[in-house]
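Encoded as structure tokens, the structure appears first; notes follow it.
Proteins come first, then strands; the chains are lettered A, B, ... in the order of their sequence lines, and each starts at number 1. Computed from a predicted structure; not experimentally measured.
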Number of protein chains: 2
Amino acid sequence: MRRDVFQAISDPTRRAIIALIALQAMTPNALAEHFDTSRQAVSKHIKILTECELVRQEQSGREIYYHFNPTKMKEIDQWLEKFRALWEDRFSQLDNVLLNLKNK
Amino acid sequence: MRRDVFQAISDPTRRAIIALIALQAMTPNALAEHFDTSRQAVSKHIKILTECELVRQEQSGREIYYHFNPTKMKEIDQWLEKFRALWEDRFSQLDNVLLNLKNK
DNA sequence: TATTTGCGCAACCGATTAGTTGCATTTATA
DNA sequence: TATAAATGCAACTAATCGGTTGCGCAAATA
């Protein structure tokens with residue numbers, strides 16, 4: 001089961017879930033109200049997000065609050081970093097950019 | 001057919017292809033030598049990358065050189081931007097961060 | 001205590017995915 | 001000109017994906 005951050009954010013519903021719980025921790029039921037799918041479908045998305053540590057849970061009685069774990073997003077940012085220089089004008093030393101890409 | 005940038009980069013082979021052609025434009029055959037799959041499989045990945053404009057082609061006789069199109073990667077960067085403040089310590093005004101997220 | 005609520009888990013289903021093989025077409029080469 | 005090389009396209013396949021329904025269990029509530 002491939003379960004990395006890139007695969008996790010490839011689904012638009014999961015990106016929407018991330019955007020919601022980034023604002024505040026939420027329960028599966030509360031999350032499901034924002035979508036046209038069942039609570040179970042949302043729970044499946046949460047499970048995927050939890051498995052790749054983009055989300056962590058906090059039990060409170062019978063409710064489970066899911067929190068956003070921003071540190072895991074760094075992985076994506078770090079991958080992007082290798083290419084950022086290629087689209088940002090302020091980098092002029094293209095040679096160094098390419099060198100950096102090679103030593104990834 | 002959902003064909004957005006996020007779905008495109010969700011596959012590890014496609015991310016590897018991007019990393020390769022970011023260094024220099026390559027033909028499908030040249031690319032395929034770097035992987036354990038067939039040339040056709042690589043071509044299918046290239047097609048997906050082309051459809052979401054992460055890659056553009058340049059015909060040269062019977063060969064086709066595929067180039068990386070970095071501007072399209074901005075989309076991912078812009079999405080990340082909304083969350084970046086959440087993992088970077090230098091941002092202290094969390095209220096503004098959350099406000100920004102709400103107005104996405 | 002009986003019932004409702006919140007949740008995870010399992011089974012199932014149709015669509016998509018990533019791979020394969022085979023073939024047709026165009027360009028380069030012997 | 002005949003042949004080889006580079007590529008795209010189509011058909012097929014097993015695995016995965018995103019969704020569903022049904023269930024069981026623990027916690028809250030009437």
Just distance, no hydrogens or angles: give the donor-acceptor pairs under 3.5 Å from side chains in residues 53-62 of chain B, sequence neighbours left out.
{"residue": "B:Glu58", "atom": "OE1", "partner": "B:His67", "partner atom": "NE2", "Å": "2.5"}
{"residue": "B:Gln59", "atom": "NE2", "partner": "B:Gly61", "partner atom": "O", "Å": "3.2"}

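For B:Lys74, the side-chain contact (heavy atoms from CB on, under 4.5 Å) test picks out A:Trp87, B:Gln78, with sequence neighbours left out. Remark: B:Phe68 pairs with A:Phe83 by the ring pair (Phe, Tyr, Trp, His ring centres under 6.0 Å) rule, at least two apart or across chains. Residues passing the salt bridge (charged side-chain N to carboxylate O under 4.0 Å, His left out) test with B:Glu75 are B:Lys72, sequence neighbours excluded. Qualifying side-chain hydrogen bond (donor to acceptor under 3.5 Å, both in side chains) partners for B:Thr71, counting only residues two or more places apart in sequence or in other chains: B:Asn69.
When each of A:Glu63 and A:Ile48 is assigned the nucleotide of DNA chain D bearing its nearest heavy atom, the one mapping closer to the 5' terminus is A:Ile48.
What separates CD1 of B:Ile64 from C1' of C:dA28 is a distance of 15 Å, to the nearest Å. Taking atom CG of residue B:Asp11 and atom P of nucleotide C:dT17, one finds them 11 Å apart after rounding to whole Å. Rounded to whole Å, the distance from NZ on B:Lys47 to C1' on D:dA10 is 10 Å. Straight-line distance from the CD atom of A:Glu58 to the C1' atom of C:dG6: 15 Å, rounded to whole Å. Between A:Ile17 atom CD1 and D:dG18 atom C1' the separation is 12 Å, expressed in whole Å. Rounded to whole angstrom, the span from the OH atom of B:Tyr66 across to the C1' atom of D:dG8 amounts to 8 Å. Here the P atom of nucleotide C:dG6 and the CD atom of A:Gln59 are 14 Å apart, to the nearest Å. B:Glu51 places its CD atom 12 Å from the P atom of D:dG8, with the value rounded to the nearest Å.
The neighbour count for A:Phe35 CZ, taken as heavy atoms of other residues, nucleotides or ligands under 6.0 Å away, is above 12.
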- request: May I have the step-by-step check of side-chain contact (heavy atoms from CB on, under 4.5 Å) for B:Thr27 and B:Leu31, ending in yes or no?
  value: CA-CA 6 Å; B:Thr27 65; B:Leu31 270 171; over 6 Å; no

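Without hydrogens or angle criteria, A:Arg14 side chain to A:Ile9 main chain gives no donor-acceptor distance under 3.5 Å.
Each side chain to side chain donor-acceptor pair (under 3.5 Å) pair with one or both residues in residues 29-44 of chain B, not counting sequence neighbours, would appear here, but there are none. Sequence neighbours left out, the pairs with a member in residues 4-27 of chain B that pass ring-ring contact (aromatic ring centres under 6.0 Å, His included) are B:Phe6-B:Trp79.
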Distances for protein N/O vs nucleotides 2-4 of chain C N/O pairs under 3.5 angstrom?
none

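Taking every heavy atom of residues 29-41 of chain A and every atom of DNA chain D, pairs under 4.0 Å involve A:Thr37, A:Ser38, A:Gln40, A:Ala41, by number.
Residues A:Ile48 and A:Ile17 do not share a hydrophobic cluster, clusters being chains of Ile/Leu/Val/Met/Phe/Trp/Tyr side chains in contact below 4.5 Å. Tracing side-chain contacts under 4.5 Å through hydrophobic residues (I, L, V, M, F, W, Y), one reaches A:Val5 starting from B:Leu86; they form part of the same cluster.
At the phosphate of D:dA6, neither OP1 nor OP2 sits under 4.0 Å from any side-chain N or O atom of B:Tyr65. Not one side-chain nitrogen or oxygen of B:Thr27 sits closer than 4.0 Å to the OP1 or OP2 atom of D:dA6. In terms of phosphate contacts, B:His45 brings no side-chain nitrogen or oxygen within less than 4.0 Å of OP1 or OP2 of C:dT17.
Taking five base pairs at each end of the helix from C:dT1-D:dA30 to C:dA30-D:dT1, the local helix axes there meet at an angle of 10°, rounded to 10°.
Closest to the B:Thr13 side chain, of the nucleotides C:dA11, C:dG19, D:dG8, is C:dG19.
A donor-acceptor contact under 3.5 Å links the side chain of A:Lys44 to the base of D:dG19.
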